[in-house]
Student: 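Dropping the structure in here first, questions after.
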Amino acid sequence: MSAALDTLKLSSAQIAWRAAQDMEDGAYVNLGIGFPEMIAKFQPEGRDVVYHTENGVLGFGEAPAAGEEDWDLINAGKKAITLKPGAAFFHHADSFAMVRGGHLDLAVLGAYQVAENGDLANWSTGKGGVPAVGGAMDLVHGAKRVAVVTDHVTRKGEPKLLKRCALPLTGLGCVTRVYTSLAVIDVEDGRFVLRERLPQLSFEDLQSVTGAELKIHGDVADLAVPEL
Amino acid sequence: MSAALDTLKLSSAQIAWRAAQDMEDGAYVNLGIGFPEMIAKFQPEGRDVVYHTENGVLGFGEAPAAGEEDWDLINAGKKAITLKPGAAFFHHADSFAMVRGGHLDLAVLGAYQVAENGDLANWSTGKGGVPAVGGAMDLVHGAKRVAVVTDHVTRKGEPKLLKRCALPLTGLGCVTRVYTSLAVIDVEDGRFVLRERLPQLSFEDLQSVTGAELKIHGDVADLAVPEL
Amino acid sequence: MNKTIAFASEAVAGIGDGTTVMIGGFGGSGAPIELIHALIDAGPKNLTIINNNAGNGHVGLAALIEQGMVAKMICSFPRSADPKVFTDLYLAGKIELEIVPQGTLAERIRAGGAGIPAFYTPTSYGTELAEGKLVAEFEGRHYVQERWLKADFALIKAELGDPLGNLTYRMAARNFNPLMATAATRTVAQVTRIVAAGEIDPEQVVTPGIFIDGIVEVPDPEQEESLNREGAVYP
Amino acid sequence: MNKTIAFASEAVAGIGDGTTVMIGGFGGSGAPIELIHALIDAGPKNLTIINNNAGNGHVGLAALIEQGMVAKMICSFPRSADPKVFTDLYLAGKIELEIVPQGTLAERIRAGGAGIPAFYTPTSYGTELAEGKLVAEFEGRHYVQERWLKADFALIKAELGDPLGNLTYRMAARNFNPLMATAATRTVAQVTRIVAAGEIDPEQVVTPGIFIDGIVEVPDPEQEESLNREGAVYP
């Protein structure tokens with residue numbers, strides 16, 4: 001199954017593209033450090049999205065050209081950014097007031113594991129080393145929708161979507177939608193509900209690499225993504 | 001006693017003058033609405049004091065000339081003020097962070113009653129009517145010193161300094177010094193300690209208009225105040 | 001993104017009977033008089049109003065109360081130079097009052113906007129305003145537990161606004177306005193001037209647009225204090 | 001009133017062994033590198049440092065840790081492009097770590113400055129970072145009780161400062177600096193430029209001088225990121 005999946009599955013860019021299609025015009029969005037940041041590149045035209053970064057900027061734009069960086073103007077991943085017209089700076093307490101206070105429309109995060117009850121594990125592999133949580137535990141609370149972008153399985157081919165997370169949790173019952181390399185899945189009433197799957201992939205094959213039951217309520221659309 | 005006291009006692013301006021002498025150079029001070037506001041007039045020369053008002057101004061100065069008022073620039077008593085160089089505006093939560101957070105050196109308030117344990121009653125006569133507390137209950141917490149300026153007795157000649165307050169409390173054990181029309185009294189370890197009294201007034205006469213025992217630790221100085 | 005609303009009447013259109021509304025200002029400073037008057041024109045009943053005060057004279061908040069539209073006031077200081085409108089209704093038992101210390105009122109509103117459901121404060125400990133509230137001891141001192149305060153609507157006043165909703169405030173008119181902006185389901189600001197996005201220096205934005213749903217330009221806003229000195233009455 | 005201090009060495013002189021020090025900045029943005037280096041020169045031991053991170057490369061906070069001066073870090077994210085200094089000491093059991101979610105860290109510091117000994121947050125509920133903490137339910141949701149965080153000293157970085165201690169910040173270098181300024185017994189700021197009292201518009205002051213004990217002018221402050229790209233090592 002694993003080798004077949006590797007040829008079928010969406011690239012990170014394609015997962016990001018799919019997630020970007022759901023960003024509403026006028027939305028306030030926080031994109032987690034790393035892979036989720038890529039979503040901004042695929043923001044559909046004609047939609048005005050305001051990006052928030054935990055370190056105290058609202059309304060930032062793309063990375064500056066190399067050599068043009070100002071290291072007082074960075075995002076939560078500590079990468080240089082630029083400003084769009086109408087940007088604002090604020091301190092960390094105000095920034096997390098936006099997060100916890102329910103003012104963001106969407107937060108998109110990466111994941112080690114997601115459970116069918118919406119639990120998320122994305123901050124610790126539980127293996128020791130140096131723990132580091134950053135803003136992840138804050139971001140999972142407050143945003144109206146908390147989405148995850150992730151490969152459907154680990155590098156070893158093990159399911160990342162599970163009945164219950166085995167790794168240390170970031171938050172309980174917080175995830176509302178998961179965009180994977182194979183499918184789009186909502187978390188509803190403690191169950192995974194399949195919304196879209198790659199058309200080349202049978203439901204049975206998708207279920208076989210998913211660690212919890214996939215429910216079907218209504219139609220399952222094709223997960224259609226352009227070459228990128 | 002009462003008639004004699006009336007001729008002896010300090011005026012409000014003189015009480016304010018005496019309280020002003022204790023303001024340290026560089027102090028951050030909040031003066032309560034009404035009578036305490038008068039203290040600013042008597043700020044000793046050469047001492048730099050920064051005045052805080054709860055509605056969000058630090059570093060304000062005297063009232064503007066009549067007709068020069070800007071009604072966006074007022075103090076907690078809703079009177080027009082002016083700014084000194086180096087003033088700052090901030091919102092109410094930041095303003096009370098200064099108050100509760102222990103950043104003020106001194107708050108000076110009026111009082112209905114003060115108890116020897118430092119309890120203060122200054123917000124409600126307990127008689128019904130419309131209750132109104134404002135910032136009083138916040139101001140009694142946090143300032144390094146909480147002083148009271150008051151007549152020594154009520155208009156009816158009854159003591160305002162008592163063993164325990166009878167009126168609804170503003171705060172428990174909060175007052176550190178009381179400037180009255182007859183004396184200067186510290187609250188220490190739950191007792192009134194007399195520091196200064198009008199030289200024309202005997203200790204016994206002062207005690208007779210005070211509702212709790214006046215302790216003497218060390219010297220009692222003359223309460224000497226200029227004509228004003 | 002354009003949060004501009006053409007008319008004050010449109011800005012308050014969503015405020016129905018029984019709504020909880022935060023109204024910015026400390027006395028007249030920072031009070032959104034024109035939005036309040038538009039609300040009077042709209043005429044919803046049974047409102048709960050959160051403000052530091054309870055109106056002065058017969059304009060703005062006092063006029064709203066005088067129209068019988070307010071069932072309950074949550075405030076710290078329902079007194080003013082001319083508090084007759086509120087006082088009469090209160091003493092007649094026709095308006096409910098929740099009295100909250102001023103710093104606690106500010107912090108409860110901030111908490112509402114910041115997703116903090118409860119916090120501890122030394123303020124009011126041992127007084128009748130703490131009766132019935134949880135008390136806890138931290139490092140030998142007693143504190144009272146207070147709950148967040150939220151509203152369905154906030155009506156605020158600002159100085160500059162841009163189409164994204166970024167705001168600045170004029171002098172001490174800032175007071176409760178930036179806090180209330182964060183704590184309501186829907187916040188509308190009247191601003192003295194609407195400028196283009198980018199005209200407010202990002203370092204000088206006081207309220208970032210994320211907290212704002214609509215802005216209405218009111219170029220020469222009235223001051224409650226000046227109106228009262230003229231003996232004005234609304235409507 | 002003049003809070004100006006001539007030398008960074010003088011600004012950090014009060015920081016003795018065993019002191020708890022808040023250091024502003026998010027990574028290198030807003031990090032008071034020159035004050036940190038002055039602290040390294042002064043050489044106190046056994047410090048507890050509160051910062052969002054745990055240093056990067058071999059300058060600033062990383063250099064302070066590398067000198068063995070830090071007994072404990074309180075931070076949210078002890079990782080960076082080059083986290084070797086902290087990582088090695090931590091894995092060798094030679095430095096203690098208290099890991100705090102970033103928003104909780106910010107709010108605990110704000111609470112410390114605002115006289116709020118404890119508050120409830122949804123953050124970390126049900127996770128191992130909430131173990132041993134009080135939990136309470138409000139309106140059917142669970143929250144964790146968090147305590148205020150204070151320090152003996154705060155070292156921060158600002159842009160403009162006046163002799164009264166009023167400060168502004170440059171862009172996203174604001175981050176933790178205004179919060180830490182409020183939560184320490186003594187706060188010293190390095191500023192890029194000292195201006196006369198009144199030159200900062202009162203509406204644009206971000207940190208009012210009441211929170212500030214000393215300011216040191218450092219006209220061309222170093223950026224951690226730039227230093228690390230040059231492979232700089234301090235001292």
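Chain A is the first sequence line, chain B the second, and so forth, proteins listed ahead of strands; every chain is numbered from 1. Treat the numbers as computed from the prediction; the structure is a model and nothing was measured.
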Student: Which bit of Lys3(D) is near chain B, if near means a heavy-atom gap under 4.5 Å: side chain, backbone, both or neither?
Tutor: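 Side chain only.
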Student: For chain B, which of Ile200(D), Asp201(D), Ile116(D) has the most heavy-atom pairs under 4.5 Å?
Tutor: Ile116(D)
Student: Taking atom types as modelled, is there a side-chain donor on Tyr169(D) or Glu159(D) under 3.5 Å from an acceptor on the other?
Tutor: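 No.
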Student: Is a donor from one side chain sitting under 3.5 angstrom from an acceptor on the other, for Thr170(B) and Asn122(B)?
Tutor: yes
Student: Can you confirm whether the side chains of Ser76(D) and Asn52(D) place a donor and an acceptor under 3.5 Å from each other?
Tutor: yes
Student: How about Gln21(B): does its CD atom have over 12 heavy atoms from other parts shown lying under 6.0 Å from it?
Tutor: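 Atom CD in Gln21(B) is crowded, with more than 12 foreign heavy atoms closer than 6.0 Å.
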Student: Based on non-hydrogen pairs under 4.5 Å, which of Val99(B), Asp25(B), Asp48(B) is most in contact with chain D?
Tutor: Asp48(B)
